[in-house]
Every structure is written in structure tokens, then in C-alpha cells.
Amino acid sequence: MLQELSFGFPILSLILFLPLAGALVLWALEEEDLVKNAALGISVLELILTGVLLTRFVPDSAAMQFSEQVPWIPPLGISYHLAVDGISVLFVPLTAFLTTLVILYSWDTVRYQIKEYFIALLALETATVGIFISIDLIVFFVFWELMLIPSYFLIKLWGGGVERQYAALKYVLYTLLGSVFMLVGIVLLNLNYHDWAVTHHVEPIYSFDFLQLLTTPIPAERQVLIFWLMFMGLAFKAPIFPFHTWLPDALIEGPIGMAVILAGIKLGTYGFMRFSLPLLPEASKSQSVVTVVMGLALAAILYGAIVALIQPDLRRLLAFSSISHLGFVLLGLFALNYQGLQGGLLTMVNLGFTTAGLFFLAGFLYVRRHSTQLSAFGGLARKVPVLATFLLIIGLASIGLPGTNGFVGEFLVLLGAFSAYWVYGVVGVTGVILGAAYFLWYYERAMFGPLAQGLTQTIQDLNAREKLIAVSLSVMIFWIGLYPAPFLRIMNGSVQALVDRLEHGQMATAQVSATTPHE
Amino acid sequence: MFDLLVVLIPVLPLLAVLVNGLLGHRYSHGVAHRLGWGSVGLSFGCAIAVFLSTLSTGLTREVVVYRWIFGGDLTINLAFLVDPLTCVMMLVVTGVGFLIHVYSVGYMHGEEGFTRFFTYMNLFMVSMLLLVMGNNYLVLFIGWEGVGLCSYLLIGYYYDRVSAAKAATKAFVVNRIGDAGFLVAIFLVFVNFKTLDYTQVFAQAGQLSTAMATAIGLCLLIGAVGKSAQLPLYTWLPDAMEGPTPVSALIHAATMVTAGVYMIVRNHAIYDMAPLAMTTVALVGGLTAVFAATIGLVQNDIKRVLAYSTVSQLGYMFLACGIGAYTAAIFHLMTHAYFKALLFLSAGSVIHALSGEQDVRKMGGLRSKLPWTHALFLIGTLAIAGIFPLAGFWSKDEILAHAFVHRHYGLYAIAAIGAFLTAFYMFRLTYLTFYGHSRVEPHAAAHLHESPAIMIGPLVVLGALSIVGGFPGVPPEGGWLHHFLGPVVGVAGRGGEHVRVGLVVALMGAATGIALLGWGLAHYLYSVRPDTADRWAAEAPRVYSTLRNKYYVDEVYDAVFVEPTKRLGAAWDWFDRHVIDAVVRGVGRLTETGSAASTWFEKYVIYGVINVTGYANHLAAWSWRKLQSGMVHHYAAIIVAGLFILVHLILIWWTGSFALGVAAR
């Protein structure tokens, strides 16, 4: 059983509910500027709190930290149980970081129903954070579903596309459909626990608690069934090819802010790493599961990249590039070895800076040209050199140039996949080539060459707020690229514990700093 | 102190990158270029100090800066390895780099984006230094892709030219193909050795099976072929000439493209275990040497001729690696850096003088107008052609001699043909540019001028190096360079087999004869009987046009790889919209009749949840109506129905298996 560390102060609850409380405060405000400033203030406060969380997090430890637990529905074994470990902790500040940047971005790009927009955004932040810090599966599921509501409205009401209603609905229904399967999976986990608890005379007899479920053996064939049920929910959400068709629609039709969150915060693949792999190690290791999932991962890498190659719309290109990157994440996770898991996890974090960053850049372009179509661009580097520079930096990070965060993640993923089975690595590597091709080809046509016809009017380069967004993203990109040690150490303990679990079938008893890889 | 000096070598140009990159727009060009060449000059100074220290102590040292990527059984440090091979590479890179930076101050004077140019050039120096100084494969790989990036940025320097933009993308993507191969090699190394540090890998290389060594060697070769522009991935290099000429000199001639050669020499311990990989390296090199030379015969762009010549000379270095003549490969790399930088920069001086003209058909008779440039270009030509006793003679002769002495007669023949072609096309270029009648267009002739001292100065130094730069490798197989590199490449013992002096001299004579023959033919065709070449071209139009069109390789690659991939993308995009998504839509349409259920769903599920969360009343006031529209009706029923059926199916299955389980118990 995993060790749990509590903090003495319910910092996770504070982080969880601060944005929601802020949303309620916003409701009471009338004046537009006040609303904006309040939203920004709340999100910055949240970011600071998550920063504190990160600095107080004990690295190189597999323990569940900052644990808080209050019974909720005891007869069913549901409790309000929050905690973070090396797998989840980074996503909390990442969510806060992206929300803050989205608020900055939205400052003057959202022009109507401003208050409602920021309320929805903050509500979304609470739900998203909730997903990452809940370790009771029902609480997790509640946040998983709650997240849909603000997302739905954000896409539907503030989307820029003509088909935004369709896109919003498609997104919600896709996820709902998937979650139905996942819910069944979760219930089966509970029933299995019940079965075991009764025969072994263990109290409580029902539990949805991740840590308790971990201690319960699950027969292999049941694991496979539950795995595929969970898979449906996670794969629809991630999304994993071929369940991805909601993604391009949501990203193109919805507002940029929503696209940033959807593309930057990898809930689906997180779910695999958080629940599927540790709870269902036998299934995750089984030949059939590995073959299918790795096959889908490779298909996603190639399919996403090749379809991205010919897209004239930057946002659609980014949607497919996202699908391709999710393939990399999956490839790492199901390599089931240290480098693969570490790389998959790091890549999830990285995408929060790279893919999300590219959506910000797409937003900057959209503000200027009222389109993200290639036909609106051409030779822009001359007009907007700063924007062009950041697009290149973040784009190169997204295709994994060494020195940027993308490389560290991609390298580890491919190394892990190659170690698992060399063919996975070799096929995955072709994604590296295609990535360069689709991004640079687009960049060439959008930014280089002679100025596009009709582009005679002046176009403003990035303003201070936009620069702040681009610079913060770039700082993270180079930090993780050049000196990833703090991030790798945060992940280390939990990744190692997961590897041990996959190899030996049990979670090694974690000891703080016991696995420190210091010289 | 030593460690600090080592670290400073790449850090100094890096600081210049940061300062120029972030603040460059705030100060004048004068500050920018001083930072640019100044930092490289200081870094050259540090490199000399490190070199002298290594020379006196003879030690191989590692400098660990920090732990970069780690976890599980993997630890990769950002660390440097200083051994004789690193020293030679460092000196060539920073030394030639410094000269080219100084030259650029004159050449790029008044260009738009002057500061940007120096920022990129310095970034290139940083990457190249990481490449040659890293103590493990991954630090090398940072440099490896870093130089590719800088090459991309500098080829695309004149980014509003379509050709430059296209060439930049092409260079990066083709390089990435090689990089992918290189990555696979890194994975193979890690799987076999559980480390990526050179010292540990090479110490255990002897335990590799031949098959594994061959696999690693061939994957490394894919990387090398991409970076060093060898068959079949050479196509990006000629197009790379779209960049400013100093870039062509530094990146696409003297340093970056030699990275593949460095990498193979660095990995010789693995290649020594894999005869098949060695043979492949030699064949790729030999074939490229001749192949590129034949294209170079008929090109009319002065820089493109030099580009093909670079591809061809790199082929010699690969050939040398492939026959185990590692020192000769590095030797030729070094001399080539001198004379090819000299040639490119002199060509730049010509282009500069002619206000940007690069077509040799619009040159001619420039000898008197550009005396310095002419003399220096001629030195470069003599050196590359292998005329005694210039730098190129010694290094090229050593490769040829090594091939002959070790009974690689086929490769020797190929190399000899290449040498003949090289002498021919280089003298052709010299004659067309500097001799005969002036074909300069009037507007260019009006501004014709010799280049300023800041450009001629570095050229003189490179000229001097092209003359005397071969002496560290004299006598063949026994020069100072051989002794210095001996501990790294480990051929000190193997080269020991005694070769008769007579044979050595005879081979030198043959090499000189071949070079003179090429010179003679060029002299005849382009000086004595200038119309003959055109007549020959007219008599064999098919051969001529094939060569002119570079064997149509670009067109073939386009038709075989690029276009089909794009078509596949379009097909899959269609598939995505019309098949995968249609399934989704179709399912929705099936349930159209279930609108009652969907209304129920909307009212009680979506709004139920909203009410719980508390802010629905507010939203509902303005958005309720909007929600009624849309396609909720079409889809929602399936959710409910699906849930219902699924839960039942699962429960039936589950209780069934439970029952069975209980029964079994």
C-alpha cells in the first residue's frame, strides 16, 4: 500500500475550490474591468498556491502527498479523498498556468458576455483540477463529467466558428458516451473489491478509493474487461484515434481559450497512467491489450502527422498534430518500462506548453487576420517578426528539437518504446520526420515567402500581454528542455513505483527519498 | 581552470547569442558584430589553451556540467569529452569560424537583419561545439539537430525569397530523415550498453555481436549521410546555397557537413566490429565522390559548383573512414575546411564585387579587376585539385594511397576518377570566372570593385592555411597529426605496416599526374579552345541535360516520396471527414425519432447538473432557447439507450461469471 503524507492544512481543497469561489464572486460583480481583474487575480492566486504545492512536494517519492480524506457516502465506500503524487502533481500548476494565460489572452479578445465567460473558465479550472487530485474514483468521475458543462458553454457560446453548436454537442456527447463505459468499469472495480472484502472479512465492504482498490487482487480476465471499459472512456476523451473526430471540430469551432485547455491538458492519457496501469497491471501487460493499444498509438502518430501535412487551416493542423502527439504519449505509457512511462508523463506535461502554446499563437494570428487559413497568411515574418519568432520556437519544441522540452519527452518515449520492442521505436521515429515536415512546411508558407496579396495594411506585432504569454511559455519550454532535473525528480518516485507494480504486480512500499538517484 | 576553459568554449558564443538575440535591436550593428566575432575569437583562444594543455599532458578528460536526463537505469549528463580528436575539431570549428565571422562583417555590411545573422551564426558555433565536444551521444545529438536548425535559419535568411524558404524547409526535413536513423542508433546503443557515454560504450564495444555492430553502424551511417550530404540524402546541400555566402562557407562546407565524418571516426570502435558497415561507408563515400563531381562538371552557378564539390570531397572523407583510414579522414576534413572556406569566401568576394551575380556565364576576365580574390581563389583551386605541395595534395593523396596499399583497388580507381573530375571542374570554374573575355553585365561592371580589407584579411589567412595546412600530416601515415590522433583512432599500430618509399612516391606521382590531367583538359576546353565544350555538349545532349538536371534526382524524390505522402494526407483527410465522422453523424441520424428521449435528456441531465452547480439560473435566462436548437435531439437518445443496454449486458455477463465462479467453488 502506498504511503500517504498529509500536510496539516487542506491545501488541495483550497486549490480545488478557490476558482469556483472566485467564479461566484465574479457573479456578484457588474463592472467589466472589475470582472477581468478579479478573474486574473483569482487565477494568479491559484497559480501561486499551486506553486507552493509544488515546492512543498517531496520529490523522488512515491507517496501520495497532501492527502485529505472525508467520508462522503460511506455505505457505498465513497469518500472525498484528495491527494497528489508524482504522476498528478505537475498537472495542477499546469492547469493554473494555462488558465491564467487564457485569461490574459481573453482580456480583449472576448467581447461579449464577458462575465459569464470568465465564470465558465474558472469553473472549468476547478473541475479540471478536481480530475487530477481526486483519488476516489467516484469523485474523479464527478469532476470528469462536471468539466463538460463549462466546456460545453465555452464552445457553444464563445466559439468563433459557424458550427460551434454542433461542435460543442459533439464534444459533450462523445465524452458522455465514453464515460458511460468508464462508469461501468469503475462500478466493476468496486464490485470486485466488494467480492474480495467479503470473502476476506475486510471493512469497509465497498470502496471506490484508489489506494484501497490497489490492494485488491483482480482476476486477470476481469482486468481485461475493466480495462477495455475504462479504455473507452479515456480514449474518447484523450482522444485516441479513431475516436478523435470531435477534436478538430471543438478546436476549430470553439474559442481559442477552450482549445488551449483541450489541447494542453491531457485528461484521457492521464487517466491511463493514474488508474488503468496501476489498477489493472495484468491487463495492461497482456499481449492483446499491448498490441492493440500500441497499434493505435502508432496509427495515431502516423495518421495524425500525415493528415496534418496537408491542412491549410492552422487550427485543424494543430488538432491532427495533437492526435499524433497523443500517439506518442500512449506509445510511451504502454511501453510499460521506466523511460516510456516517464517520457509519456513528461510529454503530457510538455504538450501543455507546446501544443497549447501553438493554439495561443494561432489565436494571435486569428486576432490579426480573422482566420487561421493559409490563404490569409504568407510572408508574415516581415510584418510580425516577434510573432513569427515565437511561432518557430514553440513549433520547434512541439516537433521535439533538442534543447526544448519536446525533445526530452519524445526521446524518452521513443527510447522506452524501442526497449519494449524495437519495431515500436522504429515506426515511432518516422513521426519525428513527419512532424518536422508538417510544421515547417506550414511555417514556410505562412511566414516566409513574399507578402501575401492584399496584406498591405499594417499588422501590429505582439502587444505586451501577448508577449507575456509567449515568453512564459518559452521559458517553460527551455527550462524543461535544458534542465529538466526538478521535473524528473518530482516524477521519479511514482514512475518507479508504477514500474515495480507492473513488473512485480504490487506497489512497492514507497519511502520518501529512498530512491533518490543522487550520486 | 581547465574545466572552466572547456565550458567557456561553447558558453561564450552562447552568451553572444542571448545578448544579441534579446537586446540586439537596441544597439548598433557595430556592437552586434563585435559581440559576434569577439565571442568566437575568445572561444578560439580557450580552445587553443585546452589544446595546448591536452598536448602537454596527453590526457583525455571529461567535464561534467550537470545531470541532464535521468531516471531508472538511464543517466545522461551534459558533459564534455576533451581528447585529441575533440581538440582538432574544436580548433577547426572555432578557428575557421572566427575567420568567417570576421569576413561576414564586411560581406553582410548594410544587409537587413545584420544582427539576426550574427545571432544565428553564433548559435551555430554553440551547436557545432556541443556536437564535437559532447561526451555522449545525446549531447552530440543536441548539437547535431542544433546545427540543422541554424542551417535552416540561415538558408532561410532571405526568407521572403520563395526559393530560400523552400530550400530551408528541405534542408531541415532531409536532415531529419538522417536524424531519425541516428536516433535509432542511439536506442540500439542504449539497449546494448545501458549507457550513452562514449568512454563506457567504446570500452565495451568489443563485446558486440557482428550483426548488432553492423546494425548500429548502418543506423549511424543514415545519420551521417543526412548531415554530410551523401548519397542518397545529399539533395538539400546544393539548394542550401540560397543562404548568404559566409553561411555556405562555414556551415555547408567547412564545419557542419563534416559532422558525419567526425561522428563515424568517433564511433570507429563500433565500425571496427562491423566490416559490412565499413564497406557500406566506403561505397557510399566513393560513389558520392564521383556522382557529385559529375554534376559539378556542368553547373553554371559558382556556388553550386562549390556545393557539389563539397559533397564530392565529403565522399572522400567517408571513403577514408570506410577503409579504416580515420586519421586521413580527419586530415582531409581539416584541409578541406581551409581550402573550401577559402573558395567559398573568394566566391563570395566575386559575388560581392558583381553586385550579387552568381552565374559564371556572366563573369570572365575578372583577374585584373579582382587581383587579390583571383590569387586566393587560385590557391584554393590548386589546393583542392591536389597540386603538390598544397594542403589538399597531402590529405587526398593519403586517402588514395591508403586505398591502394590496402588493396581496395576498386575504390582507388573511383577516387582517382573523382580526383580527375575535381581538378577539371575546379579549373573550369577558375577559367570561366577569372580568365577569358569579360561577360559581365554592364550594370554590374559599373560597380566592379575589389573587396575591402576586412574580407580579404581572413582570406589571406585561409590562403596561407591552404598552402601549409597539409604539413601536420607529413610524412603520410607518420606525421604529427597521426601521432596526436593515434590514441583516439587506434590506428597507430595498424598503420605500422611498412610501405616502400618507392610506392609512396609513385602514388604521389600518379595523384599529381591525375590532377594535372584535369587541369590540362580544363585549360584546353576553357582557355585554348573555348568553343569545344559547347560542341561536346551539343554532341551528347542527353548526357549533358542529365548532368545539367542533376540526374533528375530531385524530381524522382518528389514523385516517389513527397507527392504520394501529400496525396495520402489528402486521402486520409477525406476519410476522416467522410468515413469516420460519417459514422458518428449516421448514428445520430438513426436516433432522430427518439426526440422525446432527447428532450428528456436535455432537461433532466444537462440542466439537472447545471442546477446542481448553482449558476444555471443565470445562464438559463439567456441561453435556454439556444440550447433547444442544435442537434441534441439527434444524439442524446443513443446515450441513454446505450447506457441502458450496456449496463444490462455487463451485469448479465458479470453475474453469470460470478455464478460460475461460485459454482466452481
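Just so it is clear: chains get the letters A, B, ... in the order the sequence lines come, proteins before strands, and each one is counted from 1. Keep in mind that what you see is a predicted model, and the values were worked out from it rather than measured.
- Ring geometry for A:Tyr303 against B:Phe575 counts as perpendicular: the plane angle is over 60°, on a 0 to 90° scale with 30° as the lower cut.
- At a 4.5 Å heavy-atom cutoff, the contact between A:Leu482 and chain B is made by backbone and side-chain atoms alike.
- Neither the backbone nor the side chain of A:Tyr438 comes within less than 4.5 Å of any heavy atom in chain B.
- The contact between A:Tyr338 and chain B is made entirely by side chain atoms (from C-beta outward), counting heavy-atom distances below 4.5 Å.
- Looking at A:Phe241, only its side chain comes within 4.5 Å of chain B, counting heavy atoms on both sides.
- Contact of B:Ile76 with chain A is made through the side chain alone, with heavy-atom distances under 4.5 Å.
- Proximity of A:Val429 to B:Asp179: side-chain heavy atoms (C-beta onward) are nowhere separated by under 4.5 Å.
- Side-chain atoms of B:Arg176 come within 3.5 Å of backbone N or O of A:Val432 as a donor-acceptor pair.
- In terms of heavy-atom proximity, B:Trp68 sits nearest to A:Gly481 at NE1-O, 2.9 Å.
- Minimum interatomic distance between B:Arg67 and A:Tyr483 (heavy atoms only, all atoms of both residues): O-CE1, 4.3 Å.
- Across all non-hydrogen atoms, the minimal contact from A:Phe411 to B:Leu138 is CE1-CD1, 3.4 Å.
- Interface remark: A:Leu401 contributes backbone and side-chain atoms alike to the contact with chain B (heavy atom separation under 4.5 Å).
- No other option in A:Leu415, A:Leu392, A:Leu396 has as many heavy-atom pairs under 4.5 Å with chain B as A:Leu415.
- Put simply, the side chain of A:Glu444 never gets that close to the backbone of B:Ala167: no donor and acceptor are under 3.5 Å apart.
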Does the pair B:Leu568 and A:Val307 meet the rule for a side-chain contact (heavy atoms from CB on, under 4.5 Å), with working shown? CA-CA 8 Å; B:Leu568 186 63; A:Val307 176; over 6 Å; no
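- Proximity to chain A (any heavy atom under 4.5 Å) is shown, for B:Ile69, by both the backbone and the side chain.
- Going from atom CZ of A:Phe448 over to atom CZ of B:Arg161 covers 13.0 Å, rounded to the nearest 0.5 Å.
- Of the atoms belonging to A:Leu414, heavy atoms from both backbone and side chain fall under 4.5 Å from chain B.
- In this structure, the portions of A:Leu440 lying under 4.5 Å from any heavy atom of chain B include both its backbone and its side chain.
- If you measure heavy-atom distances from A:Arg445 to chain B, you find no contacts under 4.5 Å at all.
- For B:Lys170, no part sits under 4.5 Å from any heavy atom of chain A, backbone or side chain.
- Heavy atoms only, all atoms of each residue included: A:Met447 and B:Tyr159 are closest at O-CD1, 4.4 Å.
- Proximity to chain A is limited to the side chain of B:Tyr152, based on heavy atoms less than 4.5 angstrom apart.
- For A:Phe418 and B:Phe190, the ring centers are positioned 6.0 Å apart or more.
- Comparing B:Asp73, B:Thr169, B:Leu153 by how many heavy-atom pairs each has under 4.5 Å with chain A, the most go to B:Thr169.
- Within the 4.5 angstrom heavy-atom criterion, atoms from both the backbone and the side chain of B:Phe141 approach chain A.
- Only the side chain of A:Asp249 comes within contact range of chain B, judged by heavy atoms closer than 4.5 Å.
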Could you walk me through whether A:His244 and B:Asp576 satisfy the side-chain contact (heavy atoms from CB on, under 4.5 Å) test, starting with their C-alpha distance in whole Å, then the side-chain angles of each, then the deciding distance to 0.1 Å, before giving a yes or no? CA-CA 9 Å; A:His244 63 273; B:Asp576 204 82; 2.5 Å; yes
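- A:Arg382 and B:Glu112 are joined by a salt bridge, as a carboxylate oxygen and a charged side-chain nitrogen come within less than 4.0 angstrom of each other.
- For the set B:Ile177, B:Leu183, B:Val162, the entry with the most heavy-atom pairs within less than 4.5 Å of chain A is B:Ile177.
- Proximity to chain B (any heavy atom under 4.5 Å) is shown, for A:Phe243, by neither the backbone nor the side chain.
- Distance CD1/A:Ile433 to CG/B:Asn175: 11.0 Å, rounded to 0.5 Å.
- Although no hydrogens or angles enter the test, the distance criterion places no donor-acceptor pair under 3.5 Å between the side chain of A:Trp422 and the main chain of B:Val184.
- With chain A as the partner, the residue from B:Ile186, B:Val174, B:Val173 showing the most heavy-atom pairs under 4.5 Å is B:Val173.
- In this structure, A:Gln311 contributes its side chain and B:Asp573 its backbone to no donor-acceptor pair below 3.5 Å.
- Across B:Gly143, B:Gly146, B:Gly569, the residue that shares the most heavy-atom pairs under 4.5 angstrom with chain A is B:Gly569.
- Pairing each heavy atom of A:Ile310 with each of B:Ala570, the nearest pair is CD1-CA, 3.5 Å.
- Looking at every heavy atom in both residues, A:Pro402 comes nearest to B:Ile142 through CB-CA, 3.6 Å.
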